[in-house]
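Working notes, beginning with the structure itself.
Below, chains carry the letters A, B, ... as their sequence lines are ordered, and counting in each starts from 1.
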Protein chains: 2
Amino acid sequence: MFERESRMENGNQTYTIDDVAKLAGVSKATVGRVIGNYGSVSEKSRKKVLEAVAQLDYVPNTIAQGLRSHSTKTIAVVLGSIKNDYCNALVYAIEKEAMKRDYNVLICNTHENLDKEIKHLQTIRSRQVDGVILISVYTVGKVIPDRYRHLYESQNIPMIFVDRNIIGIKKDLIQSNNEQASYEATKYLISLGHRRIGVIGTVAYSTVQERLKGYRSALQEAGIPVDSSLIVDAEYSENRAGQRLAAKLLDEHPDMTAMYVLNNTLCGSVLLELKKRDMKTPDDISLLTWDDDEINELFDITTVVQRVDEIGKRAVNRLFELMENPQSPIYTQQVSTQLVIRKSCGTPRNEPGGG
Amino acid sequence: MFERESRMENGNQTYTIDDVAKLAGVSKATVGRVIGNYGSVSEKSRKKVLEAVAQLDYVPNTIAQGLRSHSTKTIAVVLGSIKNDYCNALVYAIEKEAMKRDYNVLICNTHENLDKEIKHLQTIRSRQVDGVILISVYTVGKVIPDRYRHLYESQNIPMIFVDRNIIGIKKDLIQSNNEQASYEATKYLISLGHRRIGVIGTVAYSTVQERLKGYRSALQEAGIPVDSSLIVDAEYSENRAGQRLAAKLLDEHPDMTAMYVLNNTLCGSVLLELKKRDMKTPDDISLLTWDDDEINELFDITTVVQRVDEIGKRAVNRLFELMENPQSPIYTQQVSTQLVIRKSCGTPRNEPGGG
DNA sequence: TATTAGATTGAGAACGTTCTCAAGAATAAA
DNA sequence: TTTATTCTTGAGAACGTTCTCAATCTAATA
């Protein structure tokens, strides 16, 4: 009683389930039943409890709930950087879906750095996060050291991969149909008459390798030899890699008539190089890129558009499935893409039909 | 013993401080001392504990720590949408700073919706989050209902505002020097000879009002009458408001020689309208906007650049100050901006010197 | 009225930490 | 050797929930 009153004086004090129970004149078990909406409670008790809750403006302590119930109502999203367009659209979609289920989202930027990814996964473990959505930094060549494998393989925390796969770790994966979409995009360029198509992408990522595979098979199908010097690799961390590599391609391959950009981060800086050289699409060169953006519309760039919303939604849905049933069999979901044809691709300038 | 062994078999089981204590042959109090690095522990005990920790790959349960210590090592960032360039750059900076202090970041999108902001603040309270950084939806005219005021005023959770202020709630605020920067930007346009300068912005936000104030005072100083029909208001939620409003201004004010865009979200769609009308900057119209972006560089748009990194950094620093000392006096920090002059502003086309 | 089934309730253990307190061990001083 | 001082240690309470279990109460049936 004494304590209660001293609390009342401080309008900001937070109340516990015991305070509610005392005020309502019932036990905390009964309060728990009303709050948690389980068991059976008489109408009279329920009313008293709800009144007390309202009067004290009581909110249950999620931390205590988490400790007791082993569920923190939290999912973590681990990715390179929230600044990346693909990633922030993904986080947006994930948070939206999570909210619908009263879950919150912890954001973990790895800055495309292995150590930070490991550190985040450790934190996630100790935080008892309920589930993890991971766009891993792990690139195709690299092998996860044994001492960290458990962070990826533990059955305790449901985890799914989005976009990038980690070879050797079996997890659900949700991604665009990279190979097929890339095959079709390349075929489109070929159908316009292009035979020398330069490619810019961060080769180390599984996604890009899939896209390259589609590129190669389209060329092969058309009987065009694959010239690996037309494929240039962008370090993810390099600032304005697109600009440097576009310049390299343009300098070394004067016969190149189209550029195909596989990473969404690269396109802007490729355009900067074109601007610098006063080259226009599609007259001077054709350009096709992955991932849509306001820029793409403003510059009329033909684009393979990923349905990031859909990927995010599926990721959350699948994660919740796994949270309910951790034994659910692993599988990969491929989300369709859309080739949005604008005006950046034309017939090759050296071709009879070209300008 | 039995239990331990059955746990060992399941390689994924997580261990508790009791398991470590048992394996090390000490009490959990001693383990706690080693983990938490306080009190005094003999070298012998310390070694045994560390070995046990390593062997079991023990990580402390943050939830239990949180319940006991009343600190969850979490800060929440509440903002309109992570998709917004300003916001995602801010979150990026905040997460980076928070990581340095071993704090994690909970992301809360309000979708510029009042109810969602309230809901998030309630969740934040029940989650025992240690601190909140808020870009509120609350617009200048609106008053927070009494029943929700405590969510903003509670002394329990340190909270600071970024970018937007809420009139009537006294909190720390960190923002750009909106009025001064806007005054100078306008002055720059005036110095080029413009007298009819259209303005597009979401008037309801305190930031925009500050920027308008700077705009007006620059005009007044130059003896130019302020024509309020040149200032058009963009609903935040409207898709491509910039395009519609640019069209409106261009249609209704043929004498307008410059457009001044106050929201970063609007510029892209303003450009779309210019593109549609085949108008070029600076020849057909001058354009000046807030917030930098790849687009601005590609289109050579003169821009008031906000130092979002710095704002984020200061926000976290200040929040931690408040977490240590909640009584610390409230104040506002204004971060300087930079007017990056590119090529989108020229002399008015109807002027003697113009095209 | 006695009996039974079902509804309602509260006491108290458990979740995994932190941290106080008092006791025991080790060392230094007398 | 005894006494004082400092180190080192473990038992157990506390944080705020959830949830089991047994007890009580109600109403219906025989």
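We find that A:K119 and B:D102 are joined by a salt bridge, their nearest charged nitrogen and carboxylate oxygen being less than 4.0 Å apart.
Between the side chains of B:N317 and B:R101, at least one donor-acceptor pair of N or O atoms lies under 3.5 Å. A donor-acceptor pair shorter than 3.5 Å cannot be found between the side chains of B:E112 and B:S237. Counted by atom type alone, B:S45 and B:T30 present zero donor-acceptor pairs between their side chains at under 3.5 Å. Between the side chains of A:Y148 and A:E153, not a single donor N or O lies within less than 3.5 Å of an accepting N or O.
For B:R125 and D:dG16, the CZ to P distance is 14 Å, given to the nearest whole Å. Computed from coordinates, the B:D18 CG to C:dG16 P distance equals 8 Å when rounded to whole Å. Remark: C1' of D:dT17 and NZ of A:K22 are 16 Å apart, rounded to the nearest angstrom. The interatomic distance linking B:R127 (CZ) with D:dT17 (C1') rounds to 15 Å, in whole Å. Remark: C1' of C:dT17 and NE2 of B:H70 are 12 Å apart, rounded to the nearest angstrom. At whole-Å resolution of the value, CD in A:Q128 and P in D:dT17 are 19 Å apart. Atom CG in A:N61 sits roughly 13 Å away from atom C1' in C:dC15 (whole-Å rounding). Between the CG atom of B:L67 and the C1' atom of C:dG16 there is a distance of 9 Å, given to the nearest Å.
Note that the CZ atom of A:R127 and the CD1 atom of A:I124 stand 9.5 Å from one another [nearest 0.5 Å]. The structure places CD of B:E310 at 9.5 Å from CD1 of B:I174, a figure rounded to the nearest 0.5 Å.
Relative to the six-membered ring of A:F161, A:K171 misses at least one condition, a distance below 6.0 Å or an angle of at most 45° to the axis.
The side chain of A:T30 places an N or O atom within less than 4.0 Å of a non-bridging phosphate oxygen (OP1 or OP2) of C:dG10. Contact between the side-chain N/O atoms of A:T16 and the OP1/OP2 oxygens of D:dC15 is not found at any separation under 4.0 Å. Taking 4.0 angstrom as the limit, A:S42 places a side-chain polar atom (N or O) nearer than this to OP1 or OP2 of C:dT9. For B:S27, no side-chain nitrogen or oxygen approaches OP1 or OP2 of D:dA11 to under 4.0 Å. Between B:S45 and D:dT9 there is a side-chain polar atom (N or O) within less than 4.0 angstrom of OP1 or OP2.
Scanning for salt bridge (Lys or Arg N to Asp or Glu O under 4.0 Å) contacts around A:K100 gives A:E97, with sequence neighbours left out.
Counting only Watson-Crick and G-U wobble pairs whose two distances sit under 3.5 Å, DNA chain C takes part in these stems of three or more pairs: C:1-30 with D:1-30.
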For nucleotides 18-28 of chain D, tabulate all protein N/O to nucleotide N/O atom pairs closer than 3.5 Å, reporting atom names and distance.
| from | atom 1 | to | atom 2 | distance (Å) |
| --- | --- | --- | --- | --- |
| D:dT18 | OP1 | A:Q65 | NE2 | 3.0 |
| D:dT18 | O2 | A:R68 | NE | 3.3 |
| D:dT18 | O2 | A:R68 | NH1 | 2.7 |
| D:dC19 | O4' | A:R68 | NH2 | 3.4 |

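Residue order along DNA chain D, read from the 5' end via each residue's closest nucleotide, puts B:S40 first among B:S40 and A:V59.
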